[in-house]
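Down below is the structure, laid out as structure tokens.
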2 protein chains.
Amino acid sequence: MNRKLRRRIEKIVGRDGCETAPEDLACYRYDAADEAAVPDMVVHPQGSDQVAALLELASEAGLAVVPRGAGTGLSGGSLALEGGLVLAFDRMNRILEIDTGDMLAVVEPGVVNRELRRAASASGLFYPPDPSSLNVCTLGGNVAENAGGPYGTKYGVTGDYVLGLEAFLAGGRRLETGGRNRRDVAGYDLTSLLVGSEGTLAVVTRITLKLLPAPRSRRTALFSFSDVRAAADAVSALPGSGVVPAAAELMDATCIDCVEKYRFGLLPAGAGAALLVEVDGDERSADSQLALVRELCREAGGNMFREAAGEDEAEAAWEARRAVSPALGRAAPDKIGEDVSVPPSQVASMVGEVREIAARHGLTIAVFGHAADGNLHPNILTDRRDPDLMRRTEAAVAELFAAAVEMGGTLSGEHGIGTTKARFLETALQDEALATMRAIKQSFDPEGILNPGKMFPSPLGA
Amino acid sequence: MNRKLRRRIEKIVGRDGCETAPEDLACYRYDAADEAAVPDMVVHPQGSDQVAALLELASEAGLAVVPRGAGTGLSGGSLALEGGLVLAFDRMNRILEIDTGDMLAVVEPGVVNRELRRAASASGLFYPPDPSSLNVCTLGGNVAENAGGPYGTKYGVTGDYVLGLEAFLAGGRRLETGGRNRRDVAGYDLTSLLVGSEGTLAVVTRITLKLLPAPRSRRTALFSFSDVRAAADAVSALPGSGVVPAAAELMDATCIDCVEKYRFGLLPAGAGAALLVEVDGDERSADSQLALVRELCREAGGNMFREAAGEDEAEAAWEARRAVSPALGRAAPDKIGEDVSVPPSQVASMVGEVREIAARHGLTIAVFGHAADGNLHPNILTDRRDPDLMRRTEAAVAELFAAAVEMGGTLSGEHGIGTTKARFLETALQDEALATMRAIKQSFDPEGILNPGKMFPSPLGA
């Protein structure tokens, strides 16, 4: 980057708002996906005006702009594949408002998910979307990827809570979508179009989020099964029972083993599978729902391993669930975490496919995920230094996607497409759908400034 | 329309699938909004292939295409403002599938909302969106307008249930969005972009809808209040109580009087306002929620008028609520029904504004709506034959919209913009949002074939 351009950027965000030293840029080389790219500069805007000015300058100079929250994304969405500016939102991290009357929050994109949960909870309210990285991930990133989480089973995902956005378009024009209304059909749903657009259409600077009254009571229990199919059968029986659990999280034997090595005693060691179920409502309703779930699990051959006696034990159960991904990360030099989503009735079949693919390629593939929603995370334990293992890993990834698409599923339930899945997008979408998405991208960002290289396969198919 | 073009259309849909006689076209001159326009031809396609062929031909011939369900829309969405073809979906009215395992339905657009509710219910499932015209309105129209209804308070609106769409773009290209997955973040959310787009972006031919397990128990009760503000206060206290009612429907004295003239004994005659509340869940939970609602109403000065003793009485209460709009229609030669949406805390203020506007212009304006969501339907009782009254009516409409926007609200919560509100859209949207919507329309339909004259104010502001 030339000195003149650098000076102009420093003028916008201040000298302490820019990083260009290689040792500083190196910190932004990665996100939680296993790829790497170094930006030309990292800037830390403070306020919408600075974001607008940066976008104006970026368009003028033809610089790529890559928004970044905590870098916990699992599809490479925050990597500066073509260099340019990373916009780090750590200085735009204020909860601007919690409105108990209208049950909403207004936040800057750098607010950590957990901070909003806490602030809402302090007002008797509840922000449901709970990606497993909630202790660190930011709401801006959650919006960009339309992040899900366990509570999605009953409560939906990030996009179901976004009432309105302030965002800046390529060139720095300010866009306001939605607002503070629960119902709003005035014009096209631009809010939903931006949610999950992975920073490729606009840079979000303010988010208005719907909140719910906190459930009066929760019951959290862990069930153990001899194998994953039995656990999947229990989950499949849920719709017929009338119970909509807040969450129904499946973990296979590999997940259980790895978590047990990481934090002993939390999961049913030696079991073929575990199911973490939470139900909520008023006290009696939560009791009766849990009783029904227990019965369904028993019928499928499972046993209750433990019911959380209170908030602390429930939190420990959730920490065990959230430890799955880091625990798998410690079990092998590298892991490739996938995010296939299939119609809920296909969960057992998809788990079977994962087993077959693992056997065929001599790989260990752990499976966990939001079973009641059909959103599974097959994680391949691998080693990037081993070319043969990586060839088998890559073949397995392609087969996982193909199997999911074959049974009516798709490539991503909650992590996004980013860079890691861009080359597979054509396999999951109808041609005209992909062409329509490209036309929308072209209409929003004709110069391709905003988060280039993400979501779309290269136009040449390379 | 020239004879050659007519022949080509007849070749696509068959002679019995076309109507061109003036007396037949007159039946399609109106929808439930009080405007009128005569199409050149009404066609009744059967199957996606016919829709594709019609769209191809329409683009070639420069004919406008206006999709139409039951014509119950309240914003003029199905009127052929520029003539052309009305695509009537009465021959595409099959429920193609109810899948209890994946809890979804696949339907053609001409299926009546009630038919899907019944089919879902027969399988122990529940399709929540319940526009008051549910006995006749079609799911295609519900998708086009993103229709809401009373249950939106707890369960959300049509768009919250659409998992996937088959649609045809201008020129006849087939577009598939979403699918059968509960979670899907592979690319932009085209499904949400099409929902509520009022037929201006594509013609929907198949809809995949999420279903829920039917609630085990419901309690429905009517409360009476001395005035609307007291009822609004009761509704405002709901969030703090932790109760999320399935529905909380407000009706003012004018609504009550008109319904009582229409079907005697259903509502609290002489009351200043009525609130129809439904809670659901398991039996004990529904009981305790209703007890809490009763307490909140009592604190706000209200009384329970009647609790429905069973399904039949609950249905009678709902029929009374659904009778509001037709009953108001009988109370004056004409009525103009509006659909403002405000942040929920502003309901009492908005009702106050309606009263002031009515008094200022010497008008009768009835108010009812989904109070807990801030979605109110002020209905002006008027007479199109009286120019002075119509001048005051039109001034009042503009003031209603201005008042809603002033308090952070918007023009439409569930009826859409259509033709009746197109000229006001600029007042509710930020300029850049409107420009972005226009760019999307331009990208999808550069020739302006699809439902012209809807949603957007004329480019020249005329």
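Chain letters run A, B, ... following the sequence lines, proteins first and then strands; every chain starts at 1.
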Using a cut-off of under 4.5 Å on heavy-atom pairs, state which of [options] scores highest against chain A.
{"options": "B:A372, B:S75, B:G196, B:S197", "result": "B:S197"}
{"options": "B:L211, B:V244, B:T200", "result": "B:T200"}
{"options": "B:A186, B:G101, B:G156", "result": "B:A186"}
{"options": "B:P213, B:P343, B:S192, B:G179", "result": "B:P343"}
{"options": "B:A433, B:G416, B:G124, B:A214", "result": "B:A433"}
{"options": "B:T436, B:T410, B:V195, B:D189", "result": "B:T410"}

Atom pair CG/CG of A:N451 and A:D445 - distance to nearest 0.5 Å: 10.0 Å
Rounded distance (nearest 0.5 Å) linking atom OG1 of A:T177 with atom CE of B:M437: 8.0 Å
So do the side chains of [X] and [Y] get within less than 4.5 Å of each other, counting heavy atoms only?
{"X": "B:Y151", "Y": "B:P129", "result": "no"}
{"X": "A:Y155", "Y": "A:P215", "result": "yes"}
{"X": "A:L175", "Y": "A:E166", "result": "no"}

Would you mind checking which part of [X] comes under 4.5 Å of any heavy atom in chain A, side chain (CB onward), backbone (N, CA, C, O), both or neither?
{"X": "B:S241", "result": "backbone"}
{"X": "B:F456", "result": "side chain"}
{"X": "B:L169", "result": "side chain"}
{"X": "B:R216", "result": "side chain"}
{"X": "B:E432", "result": "both"}
{"X": "B:K421", "result": "neither"}
{"X": "B:M103", "result": "side chain"}
{"X": "B:D184", "result": "both"}

Would you mind writing out the side-chain donor-acceptor pairs for residues 142-150 of chain A within the sub-3.5 Å range, not counting sequence neighbours?
residue : atom : partner : partner atom : Å
A:N142  : OD1  : A:N113  : ND2          : 3.0
A:N142  : ND2  : A:T138  : O            : 3.1
A:N146  : OD1  : A:G159  : N            : 2.8

Contact listing (chain B partner; residues 280-291 of chain A; heavy atom under 4.5 Å): A:D282, A:R284, A:S285, A:S288
Set of ring pair (Phe, Tyr, Trp, His ring centres under 6.0 Å) partners for B:H377, sequence neighbours left out: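 So B:H377 forms a ring pair (Phe, Tyr, Trp, His ring centres under 6.0 Å) with B:F368, B:H370, B:H415.
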Selection from [options] maximising heavy-atom pairs under 4.5 Å formed with chain B:
{"options": "A:P239, A:A435, A:G408, A:A428", "answer": "A:P239"}
{"options": "A:V243, A:L425, A:L201", "answer": "A:L201"}
{"options": "A:E198, A:Q442, A:K441", "answer": "A:K441"}
{"options": "A:D99, A:T153, A:D102", "answer": "A:D102"}

A:R218 charged N/C atom sitting above A:F126 aromatic ring, 6.0 Å / 45°: yes
Is it the case that the side chain of [X] and the backbone of [Y] share a donor-acceptor pair, with hydrogens and angles ignored and the cut-off at 3.5 Å?
{"X": "B:K454", "Y": "B:G77", "answer": "yes"}
{"X": "B:D373", "Y": "A:R182", "answer": "no"}
{"X": "A:Q430", "Y": "B:R174", "answer": "yes"}
{"X": "B:Q346", "Y": "B:M407", "answer": "no"}

Donor-acceptor pair between A:D339 and A:S412 side chains, under 3.5 angstrom: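 Side-chain D/A pair, A:D339 to A:S412: present.
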Donor-acceptor side-chain pairing of A:S341 and A:N375 below 3.5 angstrom: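 No, because no side-chain N or O of A:S341 sits under 3.5 Å from a partner of the opposite role on A:N375.
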Any pair counted as salt bridge (Lys or Arg N to Asp or Glu O under 4.0 Å), so long as it reaches residues 408-417 of chain A, sequence neighbours left out: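 For residues 408-417 of chain A, and leaving out neighbouring residues, the salt bridge (Lys or Arg N to Asp or Glu O under 4.0 Å) pairs sorted by first residue read A:E414-B:R183.
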Proximity breakdown for A:L165 and chain B, heavy-atom pairs closer than 4.5 Å: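 For A:L165, there is no contact with chain B at all, as no heavy atom is under 4.5 Å.
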